[in-house]
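Contents: one structure, followed by commentary.
Both counts, for ligands and for their atoms, begin at 1 and track the order of listing. None of the values given here were measured: they were computed from a predicted structure. For the single chain, residues carry numbers from 1 onward in sequence order.
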Amino acid sequence: MTDQSPDHIRPASGGDVSLYAQARKIHPRAVKGANRSAKTVIAWLSILSVSLLPWLRWDRGAGHPDQAILFDFVAMRAYFLDTEIWPQEFYFLTGVLVIASIGLFLVTALYGRVWCGFACPQTVWTDIFVWIERRVEGDHNRRHKLDHAPWPTGKVVRKLVKHAAWLAVSLMTGASFLFFFNDAPRAAGAMLTGEAGIVLYGFVAMVGLMTYVMAGWAREQMCIYMCPWPRFQGAMLDHDSLVVAYDAGRGESRGHARVAQSFEGRGHCVDCRMCVQVCPVGIDIRDGIQMECIGCGLCADACDSVMPRFGLPRTLVGWRPFSHTSSEAPAPKQPWHRRPRLMIYGAIIGVTLAGMAVAGGQRRMLDMTILHDRSPVSVTLSDGSIRNDYTVKIVNRERAPRLLRLEVLGLAGAQVGVRDLGQTSDGQGLAAAADAVTTYRVSVRVPAGQAPAGATPIEFRLSDRTPGDEAVRPNTFIAEAAR
Ligand code: SF4
Ligand code: SF4
């Protein structure tokens, strides 16, 4: 059996095998091209969205937050422009997450790892940090040279400037995230005047430190070793998914070449290694499709800048269907052609959107949740009547208080008692605070001999006699005999 261990873990002379591989420092070379331009646009959009969106104002009337996008944990609300999501409506956020996840599956089935290569925050912030590094320390070769230079040179100053810039971007990122959860102008003012609490400073420091470590130091290690997505994204790919690939049929056999030489009888790859030098994860795309590849397409840009110098057509490295990475393979179909997985992903997104639309259409300004007491589930009183107790939470989305009436339907002789208003209450005059949830303890009592044995389905109806504005919720009444 032959030893197939990679060189870095193969013992030199039959000793113990080390499973530790030291991370290589990668200094990707700058490159221009279509993929690089798309990445730059997405990076700008991402950083501008994170920085500016919390400052966008939206008038919701006096006494209500005027921040367009706000996750207010104290008031337990999420605000998106005119949409206000209460804790009882968190299924909307669930719907958004389902659509985002399945949308990611759909995009991956079509275009491979474009999320990783273009839009993932880890990629975007690493790109920004590498850009800063390049401005301060120079491109690829100069950065490698600086790493090996002695410290008492300009190296100290350059490294200090780079890390100071990284820390500034990291703290700004932390503050921007904070502003999505707090009123931005007030929180910024409090932080600048030293009046913010330890929680706010701690949050900014924590997010800032994570950004600094993940985008400045860990970089591609996050994608290769820590992110779970590369492990299972293969399940979303099929033969028609687009991936970045090297056309080995056209490129091999490779070898150095001179401008204007003939390529008769040899491959088009001139072995310049530009595709390797620009790669942010430090792999060689010519070795085939690899787990580390984030699908950023920078190697394609690099090769496209080399090919014309030799009078050769571009796209020796480029976007290709998974089943057609070599020009010797059969002609591919378009990725959008009818594929079962695309239809399944599309159907899930459609059903989720329809469900959210229906739920949104049924949204009322008045709502309630009812919880039947379990201990005891039913009480027989001294006069033989039977009582069940419930906790009723009234959701009043109106910005004014309301006086409401609670009735029980489907149970002859039932009397509603609201403990907080006195047992004699008939369910009338329940005050619901404005724009809030009000909780009442409610009893339903049925005179002796009138309650059917066992569990009887009933309905609670809450209204203030405004036509169409009522809440009806099913529940059960349980007679003693059922215990
Ligand atoms: S191999 Fe190409 S597409 Fe893959 S990560 Fe490297 S540069 Fe990006
Ligand atoms: S950039 Fe193109 S020509 Fe140069 S080594 Fe890579 S594949 Fe070959």
### Pair Tyr212-His163, side-chain hydrogen bond (donor to acceptor under 3.5 Å, both in side chains): steps then yes or no
CA-CA 9 Å; Tyr212 175 70; His163 286 282; 2.9 Å; yes
### Message
If the cut-off is 2.8 Å, does any N/O/S atom of Cys269 fall short of it from atom 8 (Fe) of ligand 2?
### Response
yes
### Query
Among protein heavy atoms, which lies nearest atom 2 (Fe) of ligand 2, and at what distance?
Cys303 SG, 2.4 Å
#### Entry: Ring centers of His27, His144 separated by less than 6.0 Å
yes
## Note on the structure
atom 3 (S) of ligand 2 has as its nearest protein heavy atom Val270 N, 3.4 Å
### Message
Closer than 4.0 Å to some heavy atom of Arg286 - which atoms of ligand 2 meet that?
### Response
5 (S), 7 (S)
### Query
Which is it for Arg254 and ligand 2 at heavy atoms under 4.0 Å: side chain, backbone, both or neither?
neither
## Note on the structure
From the list Lys159, Lys162, Arg158, salt bridge (charged side-chain N to carboxylate O under 4.0 Å, His left out) partner of Glu133 resolves to Lys162
### Nearest neighbour in protein (non-hydrogen) for atom 4 (Fe) of ligand 2
Cys272 SG, 2.3 Å
### Query
Considering only heavy atoms of Met307, which atoms of ligand 2 have at least one such atom less than 4.0 Å away?
3 (S)
### Query
Do the side-chain N and O atoms of Thr173 and Trp125 include a donor-acceptor pair separated by under 3.5 angstrom?
yes
### Message
At a cut-off of 2.8 Å, what protein N/O/S atoms sit near atom 2 (Fe) of ligand 1?
### Response
Cys299 SG
### Query
Between Phe180 and Phe71, does the ring centre distance come in under 6.0 Å?
no
## Note on the structure
Those residues at least two apart in sequence (or on a different chain) that pass side chain to side chain donor-acceptor pair (under 3.5 Å) with Arg254 are Glu252
### Task
Classify the side-chain pair Asp82/Trp58 by whether it contains a donor and acceptor separated by less than 3.5 Å.
yes
#### Entry: Within 6.0 Å of CE in Met191, more than 12 heavy atoms from elsewhere
yes
### Task
Could you check Trp319 against Asn35 for side-chain hydrogen bond (donor to acceptor under 3.5 Å, both in side chains), going step by step and ending with a plain yes or no?
CA-CA 10 Å; Trp319 294 91; Asn35 295 301; 3.2 Å; yes
### Summary
One finds that the ligand 2 atoms under 4.0 Å from a non-hydrogen atom of Arg273 are 4 (Fe), 5 (S)
#### Entry: Within the 6.0 Å centroid threshold, strictly below: Trp229 and Phe232
yes
